[in-house]
Structure formats: structure tokens, C-alpha cells
Number of protein chains: 2
Amino acid sequence: MEKKNFRIKDIAHASGVSVGTVDRVLHNRGKVSAVALKKVMEVLSKNEYKPNLIARLLGSNRSYRIAILLPDPDQDPYWGIARLGMFQAENEWQHYNIKLVTFPFEMLHKHSFEKAAAKVLESRPDGVLIAPIFYHETLPFFEACHQKKIPFVLFNTNIKESKALCFIGQDLYQSGRVAAELICMGQSLPAKFGVLHVDEDLEDSVHFLEKEKGFKEYINETFESKADVVSLNRTSSSDFSFKKKLANLVSDPHLKGVFVSSSHGTTTAATLLKNHRKNNVRLVGYDLLKENTEYMKDGIIDFLIHQKPQQQAFLGISCLANYLVFKKEAVHMNLFPLEIVTRQNLDSYVKLSEQKENGQNVTYKPVII
Amino acid sequence: MEKKNFRIKDIAHASGVSVGTVDRVLHNRGKVSAVALKKVMEVLSKNEYKPNLIARLLGSNRSYRIAILLPDPDQDPYWGIARLGMFQAENEWQHYNIKLVTFPFEMLHKHSFEKAAAKVLESRPDGVLIAPIFYHETLPFFEACHQKKIPFVLFNTNIKESKALCFIGQDLYQSGRVAAELICMGQSLPAKFGVLHVDEDLEDSVHFLEKEKGFKEYINETFESKADVVSLNRTSSSDFSFKKKLANLVSDPHLKGVFVSSSHGTTTAATLLKNHRKNNVRLVGYDLLKENTEYMKDGIIDFLIHQKPQQQAFLGISCLANYLVFKKEAVHMNLFPLEIVTRQNLDSYVKLSEQKENGQNVTYKPVII
DNA sequence: AATAAAAATGTGTGCGCACACAATATTATT
DNA sequence: AATAATATTGTGTGCGCACACATTTTTATT
């Protein structure tokens with residue numbers, strides 16, 4: 001009735017050897033005679049042995065340090081939310097002795113990144129969670145990690161040749177296509193659309209250009225290249241050339257929609273459009289920042305694509321922790337769905353995150369995304 | 001540096017008593033002198049003690065049976081997917097000795113439900129996951145559970161007065177509003193919309209009427225009650241009256257969209273609309289059943305609201321397991337976000353579920369939803 | 001004051017596994 | 001054949017907690 005688990009002890013008993021020998025066979029450490037090996041293997045082939053992870057864990061009482069190499073959350077709320085997810089994960093994994101150490105760097109300065117990366121290596125962590133937003137500067141870091149056998153998880157930006165433990169993020173090209181789909185829905189020619197990049201280092205981070213590519217391609221497919229797509233790039237908050245171009249774009253009577261490529265940029269764009277009193281222009285942006293949800297309720301923002309930074313970060317830490325604690329390999333590509341938020345389903349998202357903030361639903365066991 | 005966890009042993013040492021006494025204080029069992037109590041409490045107030053759940057678990061080696069009281073998955077793929085999520089959860093929790101026992105009942109027969117419910121009680125489970133689709137028939141079952149102190153989790157349909165451990169589902173009214181929002185987007189008067197209920201027991205399950213209510217209210221708000229909304233209800237696959245009404249509806253040139261209230265109904269409706277060669281009518285339905293995703297790629301279905309049955313079921317089991325194993329109270333209301341699936345983000349959802357099916361990403365630790 | 005009863009406290013064991021180390025069996029060397 | 005060297009196998013311990021049980025201290029009773 002109550003089928004007890006098949007333990008090492010049972011294997012030993014069944015094959016007429018000691019638990020020590022079974023242990024050696026299971027982990028192939030130490031020497032085992034051919035005879036003993038055969039006996040044990042026979043028993044193993046007849047009974048499924050699932051090691052009791054709880055017990056295994058109790059014995060080895062080591063702790064793990066995970067280094068967090070992400071942009072400074074004070075400079076961009078997106079990263080602030082991500083950080084939240086990490087600390088939630090840390091809390092979940094507390095019994096497994098997972099500690100996080102953060103190494104923030106400045107989003108627009110490669111130098112700052114390089115310094116932080118050096119510090120990470122110096123700290124000799126057991127694992128790293130990294131947002132490799134600067135391609136060239138990150139490669140040597142990966143090299144060093146491989147040499148030191150430090151597993152790392154990529155976050156947000158994928159670098160395929162990095163041989164990371166896994167990548168966690170979204171399909172950026174497809175993300176642009178979703179944005180375009182939403183912006184095109186029910187629209188007709190003549191039409192003009194804007195793509196806005198706000199304070200991004202487009203030179204070095206391909207991230208945003210991928211989104212733009214998907215966006216443009218979908219629009220060209222839909223309107224057979226007859227729609228006009230203009231891409232604007234603000235370099236700083238005092239970028240005059242941008243302001244001029246934007247005013248120009250906004251004054252165009254055929255302007256049907258604007259797509260912003262980042263979460264904080266969405267807030268900026270919403271403010272600008274509101275000031276221009278253009279609320280017949282459809283605005284598509286990213287993430288449920290507080291400001292964005294308010295602009296959505298206001299009717300300024302029409303669609304938000306939810307990147308789920310919090311959940312992504314949580315999963316990132318979980319992947320590393322699983323690997324370190326349970327030696328469990330992660331799925332190499334962990335693409336989050338491109339979730340569409342509108343005025344009508346916004347609350348169902350916001351309320352959810354409020355529940356989580358209360359920390360009540362923190363479980364000791366995993367949930368699929 | 002390596003701050004070790006503060007254990008019972010440490011408390012005992014710090015307060016100059018034995019671990020036995022500390023144990024008695026912590027669990028207030030047995031007698032403890034006022035002096036000893038005070039000493040221990042003092043130490044406890046100065047140091048945070050977090051019991052090591054791993055160790056606690058290892059000792060007590062009991063197992064738990066969770067009864068699953070859901071509609072027969074063979075009759076509706078929705079429940080099949082839900083079942084999948086449960087078994088995934090069972091797998092995740094295997095080391096904690098959580099066993100599932102299923103008690104399927106027929107969706108349209110109260111009697112079948114009552115019989116299954118009786119069997120559940122007879123089996124004396126440690127917890128129950130239940131879809132209370134028949135309101136009146138479920139109440140006595142809840143009563144019995146309370147008497148026998150069996151915790152239960154509600155699934156899909158909420159019955160507030162049941163005092164369940166928690167409810168897992170979606171806001172159905174709002175779900176209807178989301179459907180309406182999607183169906184209205186870019187549409188103009190004159191307009192007619194259809195609501196389809198396929199093979200549902202509308203008398204007894206309020207479930208679907210809630211969705212209809214939200215749908216209608218949003219449309220009336222948007223078109224100032226000038227749009228026509230027709231509700232059709234198929235009672236069986238050979239319902240002639242329905243066929244006639246549907247033909248009538250579909251032939252209306254002002255028909256702009258159709259909303260179907262269930263996942264399998266969405267497939268049915270898509271087939272019917274395809275046969276009527278009406279693919280200029282916007283179709284909004286539920287869930288990523290294989291047929292539905294194919295109809296979406298075909299261009300027949302325009303939007304799917306993802307109810308995430310698999311994830312809901314997974315969470316349901318997890319809530320019960322957490323409660324049983326760790327004595328952890330669940331969030332009482334667990335509303336899933338109303339996720340919108342379109343042609344452009346469909347793949348990001350489907351690929352994800354494929355990843356999960358491979359079972360690779362099964363973690364030992366939880367992820368927020 | 002001696003003993004019994006009750007109260008309070010301390011000790012020991014097992015949960016399943018990993019790993020160190022002790023013990024035994026086998027083979028090599030002189 | 002005796003000893004050393006090596007190969008193989010078995011035993012013991014700790015991880016942190018819960019719980020059973022043994023021991024000691026205090027209080028009640030005669």
C-alpha cells in the first residue's frame with residue numbers, strides 16, 4: 001500500500017553488498033570489482049532508484065554565492081523590477097544556502113561594466129547572472145568564466161557563442177512584430193508609424209534594433225511597403241535634434257502609431273505625446289512600470305508588451321541554483337511569452353503582482369511559467 | 001564570513017538549556033518552567049530562528065494523498081491539459097510523497113459528480129482539488145470536508161462561501177470584457193456581435209454567463225448600446241434550432257465578431273465559421289488547444305484568451321502540497337492574468353509549452369507566475 | 001525525613017545520503 | 001612463504017529536526 005521509496009540501503013541489501021559499494025557504483029567513484037558491479041547493476045536495472053534529494057541536501061551543507069552583473073537599478077526601473085525578482089528567488093532558496101551578491105554597472109558606460117565584471121571575477125562566485133548588453137566587452141568575461149568553471153546565465157540579451165548555462169529572455173524580433181501587429185490592427189493607408197529609442201546606446205546594444213527590425217518587417221508585410229516607418233533616436237534628455245524630429249513626426253496627420261523600444265522610454269514617450277495632445281495616436285511600449293500603467297489607464301498608452309523582468313530574474317536565479325544545488329541542467333533557451341497588456345486585462349496583471357509583493361504566495365516548490 | 005544558520009542546538013547553547021527544552025518551547029508541547037521559558041524566549045527574540053525545512057522533512061516520512069475531483073478529461077481537452085499540469089506537479093513534489101488520485105465525473109451530469117464526490121470522501125484524502133461546476137451539489141461536499149478537516153482548493157469556479165484553502169482561476173467577468181475589447185478594436189457602427197455557448201449547462205454553471213455579462217457590458221459602453229449582441233446556446237451537436245439561429249447570425253452583413261465562451265467551443269465555432277466561409281468576422285475564443293492554434297494560423301481565429309489550465313492545475317496542487325507538507329497557508333485568491341494570444345505572439349506561447357513538455361525545465365524550486 | 005508523585009529537563013535515535021576511514025581480500029615482491 | 005602493496009569492501013558519522021524515552025529536579029504526602 002504505502003510503497004516506500006527504494007533506498008541505497010535497499011539496493012545494497014538486494015544485491016548482497018554494502019551501502020558503500022552501492023555508493024561507489026552510483027557515483028562511480030572508487031574501485032568496484034566486476035562481480036559487485038554486475039550484481040548492483042542488475043538490481044538497479046530491475047528497480048528504479050530515485051535518490052532522495054532532501055536527504056542528499058541535508059548532508060552536504062555548503063553554500064553558494066551567485067554574482068549579479070546587471071545595470072544599476074537606480075538608473076532604470078526595469079532593472080529595479082528585475083532585482084526584485086532576484087531577491088524573491090534568494091528568499092525562496094534560502095534553505096539551500098544561496099546568497100546573492102550584486103555588482104551593478106552603469107548602463108551607458110562600457111568602462112563601468114568592465115570594472116564591475118572584473119570585481120565579479122575577483123569575488124570568485126559559484127555562478128553569475130549577467131545582462132551582456134555590451135557585446136565586445138563581455139566576451140573576455142565569458143572566457144574567464146569558462147576557465148574558472150563558473151557557470152553563468154544570460155539575461156535579456158542572448159550571445160549564442162557564449163556557451164552559457166542558459167539564456168533567459170524574449171524573442172526580440174518577434175516582440176517587434178507583436179508591437180506592429182497591435183499598432184496595425186484596424187488601421188488603413190495612408191499611414192505613418194514611428195519607432196522611438198530613448199537614451200539607448202544603439203551602437204553597442206543590438207537589443208533594440210532587433211525589435212525595430214521585427215516591427216518594420218511586419219508593417220511592410222501588412223501594408224505592402226506602402227506605410228511610412230520613421231525611426232527616431234533620442235541620445236539624451238536634452239537632445240534638440242530629437243525634439244525637432246519628434247515634433248515633426250507628431251504633426252503628421254497620417255501618424256497612426258508610435259512604438260517605443262524600452263520600458264522607461266515608454267514612459268517618456270507617453271509624456272511627450274500627452275504634451276503634444278496626441279491621443280489619437282496608438283502607443284505601444286513595454287512593461288508595467290507604475291507610470292506606464294497609469295498612462296494606460298489615462299488612455300495615452302494603448303498596449304504594453306510585458307517583458308516580465310521580475311519573473312525572468314527569478315527564473316535566472318532558479319536556474320543557477322538548480323544547477324549548483326541539484327546539478328540540474330537548465331533548458332538552454334528560455335524564451336518568455338510575449339504578453340500583451342491592454343486596458344481591460346491590465347488589472348489582472350497588476351493585482352497579481354500585488355499578491356506576490358505581499359510575499360504570501362511564495363512556495364517552496366516550482367511553478368511552470 | 002560564512003554565517004551558519006542558527007539552529008535549535010545554538011538556541012539551546014545560548015540559553016543554557018537542552019535542545020529538548022528548546023523544542024518544547026518552539027512547538028509549545030510538554031511542560032517548561034517559567035525560568036527556562038524566559039531564557040529561551042530571550043535568545044529567540046535576539047536571534048532569528050528559521051527552522052531548516054529540509055531537515056524537518058527528512059525526519060517525518062509521511063505521505064499525502066490529494067484527490068482530484070474534476071470533469072473527465074476525455075470529454076473536454078481543457079480538462080486534459082489541466083490534468084497534465086497536475087501530474088507535472090505530482091512529479092515535482094515526488095520527493096515530498098504527494099500522491100494524486102483522480103475522480104473524474106461527467107461534465108453535464110450532476111449525478112455523476114455526486115457519485116464521484118462521495119467516492120472522494122470515502123477515500124479519506126489529505127486534500128482535494130475540485131472544480132465546483134455544480135453549485136448546489138457541491139455545498140454538502142464542502143460541508144463534509146470541513147467536518148473531516150480536509151483542506152480543498154477550488155479550481156476554475158469560485159464559491160466564496162466555501163471557505164476553501166484558496167481559489168485558482170480567472171476573473172470571468174473581466175475575461176468577457178477583454179474579449180469584447182479585442183473584438184471591438186477598430187470596429188465601427190453599425191455592428192452586430194455574437195456570443196456562443198457550445199454544449200454548456202448554462203442552467204447550473206454560472207461560469208459562462210459571467211463572461212457573457214462582461215462581454216455585453218463592455219460593448220454597450222463602447223458603442224453606447226447601439227451595437228447588437230446576440231447570444232446563442234448550442235445544447236448538443238444535433239441542436240437544429242441552434243444551427244438555424246447561427247446561419248441567421250452569420251448571414252448578417254453587420255456581423256463584426258463572434259465570442260465563444262469555452263475552449264472546445266472555440267474549435268467548434270471556428271469549424272462552423274470556416275464552413276460558412278466567413279473569415280472577415282473576428283473570432284475570439286479560449287485557450288491554446290491544438291485545433292485552436294491551427295485555426296489561428298489559418299486566420300479563422302483572431303484572438304485567444306489563454307486560461308492556462310495547465311499552470312492553474314499545477315498551482316492548485318502546489319498550494320495543497322505546500323499546505324500539507326510545510327503547513328503553509330496559500331493566497332486565498334489566485335487570479336491568473338488574462339493573457340491575450342494573437343498570431344504574432346502565438347509561437348512564443350506554443351514553443352514555451354513544448355519546452356515544458358520535454359520536462360527539462362522542471363525545477364525543484366518555485367517560480368512566480 | 002523518607003518516600004511517592006509530578007514536573008521539568010536531558011539524551012538518544014532515525015530519517016537517507018555522502019563521505020571519510022577502517023577492515024578485509026587480493027595480488028605483487030622479495 | 002612471508003611481507004608489502006594494492007584493490008576492494010564494510011562501517012561509522014554528521015547534516016538539523018522531531019519525537020520517544022531516560023534522567024534529574026521539584027513538590028506533595030505520609
A:H13 NE2 to C:dC17 C1', in whole Å, measures 19 Å
Ordered by number, residues from residues 34-50 of chain A within less than 4.0 Å of DNA chain D (heavy atoms) are A:A36
Taken to the nearest whole Å, CG/A:L53 to P/C:dC17 is 9 Å
To the nearest angstrom, the CD1-C1' distance between A:I11 and D:dG10 comes to 16 Å
Tightest non-hydrogen contact, residues A:S15 and A:V40, listed as OG-CG2, 3.8 Å
Taken to the nearest whole Å, NZ/B:K31 to C1'/D:dT27 is 13 Å
CG of A:L37 to CZ of A:R24, rounded to nearest 0.5 Å, is 12.0 Å
Value for CZ (B:F167) from CG (B:N158), rounded to nearest 0.5 Å, stands at 4.5 Å
Ranking A:I54 and B:G16 by the position along DNA chain C of their nearest nucleotide, the one closer to 5' is B:G16
Taking D:dT9, C:dC17, D:dG16 as options, the one with an atom nearest any side-chain atom of B:N52 is D:dG16
(message) Could you go through A:L100 and A:R65, starting from their C-alpha distance and side-chain angles, then the distance that decides it, and tell me whether this counts as side-chain contact (heavy atoms from CB on, under 4.5 Å)?
(response) CA-CA 6 Å; A:L100 304 189; A:R65 270 178 307 110; over 6 Å; no
To the nearest angstrom, the CG-P distance between B:D10 and D:dG16 comes to 8 Å
(message) Less than 4.0 angstrom between a side-chain N/O of A:R56 and OP1 or OP2 of C:dG16, yes or no?
(response) no
A:N97 atom CG is separated from D:dC15 atom P, nearest whole Å, by 14 Å
Atom CG of A:L57 and atom P of C:dC19 are separated, to the nearest Å, by 12 Å
Taken to the nearest whole Å, CZ/A:R7 to P/C:dG16 is 5 Å
Side-chain contact check for A:S18: nearest option of D:dT11, C:dC17, C:dT11 is D:dT11
Between C:dT9 and B:S33, is there an OP1 or OP2 to side-chain N/O distance shorter than 4.0 Å? yes
Check your understanding: Are more than 12 heavy atoms from other residues, nucleotides or ligands located less than 6.0 Å from atom NZ of B:K148?
Key -> yes
Distance flag, aromatic centroids of B:F152 and B:H146, threshold under 6.0 Å = yes
Inset, instruction - Given side-chain contact (heavy atoms from CB on, under 4.5 Å), test A:F336 with A:Q312 step by step and report yes or no. - result: CA-CA 8 Å; A:F336 270 54; A:Q312 287 196 35; 3.8 Å; yes
Take the angle between the ring planes of A:W79 and A:F155 and call it parallel below 30°, perpendicular above 60°, tilted in between. tilted
Taken to the nearest 0.5 Å, the spacing of B:K163 NZ from B:L154 CG works out to 13.5 Å
To the nearest 0.5 Å, atom CD1 of B:I98 lies from atom CG of B:D126 at 8.0 Å
Among the nucleotides C:dA8, C:dC17, C:dC15, whichever has the atom closest to the side chain of B:L58 is C:dC15
Tightest non-hydrogen contact, residues A:L129 and A:L320, listed as N-CD1, 3.9 Å
Between the CD1 atom in A:I130 and the CG atom in A:L70, the distance rounded to the nearest 0.5 Å is 8.5 Å
Numerically ordered, the residues 19-29 of chain A set in heavy-atom contact under 4.0 Å with DNA chain C is A:D23, A:H27, A:R29
Bend of the helix from C:dA1-D:dT30 to C:dT30-D:dA1 from end-axis comparison, five pairs per end, nearest 10°, comes to 70°
